[in-house]
*Asks:* 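Please find one structure pasted underneath; my questions will follow.
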Amino acid sequence: MINTAKILSLLIVIILCISCDTEKKEKQKTNEPTTLKDNFKNNFLIGAALSNTQISGADKNAINLLEKEFNSITPENDMKWEQIHPEKDSFYFEIADKYVGLGLKENMHIVGHTLVWHSQLAPWVQNIKDSTELASTIKTHINKVVGRYKGKIDTWDVVNEALNEDGTLRESIFLNVMGEKYIAYAFKLAAHADPNAKLVYNDYNLWKPEKRAGVVRLVKQLQESGVKIDGVGMQAHWSLEGPSIEDIENSIIAYSQLGVKVSFTELDVTVLPNPWDLNGAAVEQSYEQYEGDPKMNPYPVKLTDSAQTQLAKRYQDIFNLFLKHQDKISRVTFWGVNDGSSWLNNWPIQGRTNHPLLFDRQFQQKEAYKTLLNLNN
Ligand code: G3I
C-alpha cells in the first residue's frame, strides 16, 4: 500500500518535471529571435530597397517578406530626379506616395533616395548652364519633394556620389555649374524643408582610405559652416573577397569621430566574377562581350553549397563588425529584398544570375540568413 502511494507520488513528480521542462523549452523557443528585425532590434535598423514592381504591389511575396523581416525601406529608383521630377513643371508622385504609404502603414523607418545626384537626373536639368538657374531648380526640387513628405520620410540621402575615388569632388553638372557650394546648399534646403529629417551624405567605396579622407573633409566643411548633416551612408556594394573588414572598420571609426552616425545604405555581396578582375579589362569598357559567357555566370540555376557557405561566412564577418560598432551605426539596408530582384543580375553584365542577398529567388532563407540569425548580440 505504502509502496504504491510512494510510486504514485514519484510518478506525479516526474510528470510535473517533464511538463515543466517542455514549457521551459517552449519559452526558450518563443524567446528566440525569428526575424532579422527582431534579432537586431537593439542594435540597428534592418532595411531593404524596394523596386518599382514591389512598391506598386505586383510582387506580393516580396512585400510579405518585407513586412516580416525588415523595419526600414528605401526606394531603389522611384524617388530619383528623372522619375519624380521628369519635366521642369511636372512632378510624378504616384509611386513615391505608394512607397511612403506602405512605410507608414507598416510603421517602418522611411528613407528618401536621393535628392541631388548626377546620375538618373532628368535630361532637362542636364542642359542648365547658368548657376542661378541651377540653384533655383535645386531649390524648387528639394522644397517640393522633401516638403511633400515632411514628417513622413525619416532620413534623406541628400547628396549622392559627389566624390571621385581619390576623394576629390566629382565633375558633375552640379560642380561644374555651381561650384562646390552646391553641396552645402542642398543640405541647407533639406534641413529647412523638414527640420526633423535626418540628412545623409551617401556614396560607394567609402572604405577606401583616399575617399574616406574626402568624406571627412566634406563633412567637416559642412559642420564648420554650421550646416546640418546627421550621417554618412556607406553604400556597401561588396564582394566575397573585399573590401577588407579592417578598411570598413577604419571608415566607421573615422566617420563616427566626426559626430555623425554611419549607415550601410545599399548592402549586397556579389558572388560572380567581375570583368575588372580579369587581366586587361578596363572598368570603362563595355561588357557586352561577356553577355552569355558561362565563365561569367557560374551559378545560373543555384549556388553551390560551398559558395553558400562562403557567402554566409562573409555576411557573418561583416555583421560581427557591425555589432562591434553598433553604437556608431544607425541602419543596415540591403539593396533588394531577394536575389531575384537584385540589380546585380544585370550589372555590370546583363542577364546573369547573381545571389547577393539573404533570400533566394523563391524567397527562401539562405545559409547566410540563418548565420545572421544565430549571431550572438
Ligand atoms: O525603367 C526602365 C524600363 O522602362 C526599361 O525597359 C529598362 C530596360 O533596361 O530599363 C529600366 O530602367 C532601369 C532602371 O534601373 C529601373 O529598373 C535602368 O535601365 C537601369 O540602369 C536602372 O538601374 C538602377 C541604377 O541604380 C541606375 O544607376 C538600379 O536599378 C538601381 O539599383 C541602382 O541603384 C544605385 C543607387 O541608386 C545609388 N548607388 C548605386 C546603386 C547601384 O548602381
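Whatever order the structure lists them in is the order used to number ligands and atoms, beginning at 1.
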*Asks:* Could you check which of Glu161, Lys80, Glu266 puts a non-hydrogen atom nearest to atom 33 (C) of ligand 1?
*Replies:*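 Considering heavy atoms of Glu161, Lys80, Glu266, the nearest to atom 33 (C) of ligand 1 sits in Lys80.
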
*Asks:* Hey, is ligand 1 close enough to Trp117 that some N/O pair sits below 3.5 Å?
*Replies:*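 There is no such contact.
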
*Asks:* Is any heavy atom of the protein nearer than 4.0 Å to atom 40 (C) of ligand 1?
*Replies:*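 Under 4.0 Å from atom 40 (C) of ligand 1, at least one protein heavy atom found.
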
*Asks:* Would Asp194 and Trp156 count as having a side-chain donor-acceptor pair, cut-off 3.5 Å?
*Replies:* no

*Asks:* Check Lys302 with Asp360, please: is the shortest side-chain N to carboxylate O separation under 4.0 Å?
*Replies:* no

*Asks:* Please check if a non-hydrogen protein atom sits closer than 4.0 Å to atom 1 (O) of ligand 1.
*Replies:* no

*Asks:* Strictly less than 4.0 Å: does any protein heavy-atom distance to atom 8 (C) of ligand 1 fall in that range?
*Replies:*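 No.
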
*Asks:* State the atoms of ligand 1, each with its element, that fall below the 4.0 Å cut-off from a heavy-atom position in Gln120.
*Replies:*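 It comes down to these atoms of ligand 1: 25 (C), 26 (O), 27 (C), 28 (O).
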
*Asks:* Considering the heavy atoms of Asn160, write down every atom of ligand 1 situated less than 4.0 Å from one of them.
*Replies:*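 Those qualifying, in numeric order: 38 (C).
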
*Asks:* Salt-bridged, Lys41 to Asp38, with N to O below 4.0 Å?
*Replies:* yes

*Asks:* Ignoring hydrogens, tell whether any protein atom lies closer than 4.0 Å to atom 43 (O) of ligand 1; use the non-hydrogen atoms only.
*Replies:* yes

*Asks:* Considering only non-hydrogen protein atoms, determine which one is nearest to atom 23 (O) of ligand 1 and report residue, atom name and distance to 0.1 Å.
*Replies:* Asn77 OD1, 4.4 Å

*Asks:* Run the numbers for me: atoms of ligand 1, each under 4.0 Å from some heavy atom of Trp343, listed by number.
*Replies:*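 That gives atoms 32 (O), 42 (C), 43 (O) of ligand 1.
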
*Asks:* Under 4.0 Å between a Lys/Arg side-chain N and an Asp/Glu carboxylate O for Glu133 and Lys88?
*Replies:* no

*Asks:* Is the closest protein non-hydrogen atom to atom 37 (O) of ligand 1 under 4.0 Å?
*Replies:*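 True for atom 37 (O) of ligand 1.
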
*Asks:* Please tell me if atom 5 (C) of ligand 1 is touched by the protein, where touching means a protein heavy-atom distance below 4.0 Å.
*Replies:* no

*Asks:* Pairing donors with acceptors under 3.5 angstrom, does anything connect the side chains of Ser342 and Asp339?
*Replies:*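 Ser342 vs Asp339: no donor-acceptor pair found between side chains.
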
*Asks:* Are side-chain heavy atoms of Lys37 and Phe70 found at a separation under 4.5 Å?
*Replies:* no

*Asks:* Within the protein, is there a heavy atom lying under 4.0 Å from atom 13 (C) of ligand 1?
*Replies:* no

*Asks:* Mark whether atom 19 (O) of ligand 1 lies under 4.0 angstrom from at least one protein heavy atom.
*Replies:*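 No, there is none.
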
*Asks:* Asp203 and side chain to side chain contact (heavy atoms under 4.5 Å, CB included): which partner among Val159, Val232, Leu163?
*Replies:*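 By the side chain to side chain contact (heavy atoms under 4.5 Å, CB included) criterion, Asp203 pairs with just one of Val159, Val232, Leu163: Leu163.
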
*Asks:* Cation over ring, Lys139 on Tyr185, under 6.0 Å and within 45°?
*Replies:* no

*Asks:* Pull out every atom of ligand 1 sitting under 4.0 Å from any heavy atom of Gln235, numbered as shown with elements.
*Replies:* 38 (C), 39 (N), 40 (C)

*Asks:* Just to verify, which of Lys80, His118, His113 counts as forming a side chain to side chain contact (heavy atoms under 4.5 Å, CB included) with Asn160?
*Replies:* His113

*Asks:* For ligand 1, which atoms have a heavy atom of His237 less than 4.0 angstrom away?
*Replies:* 40 (C), 41 (C), 42 (C)

*Asks:* Report yes if the distance between the aromatic ring centroids of Phe40 and Phe322 is under 6.0 Å, otherwise no.
*Replies:* no

*Asks:* Contact between Trp347 and ligand 1, counting heavy atoms under 4.0 Å?
*Replies:* no

*Asks:* Are Tyr204 and Leu267 linked, directly or through intermediate hydrophobic residues, by side-chain heavy-atom contacts shorter than 4.5 Å (ILVMFWY only)?
*Replies:* no

*Asks:* Return the option from Glu82, His113, Glu76 holding the heavy atom at the smallest distance from atom 29 (C) of ligand 1.
*Replies:* Glu76

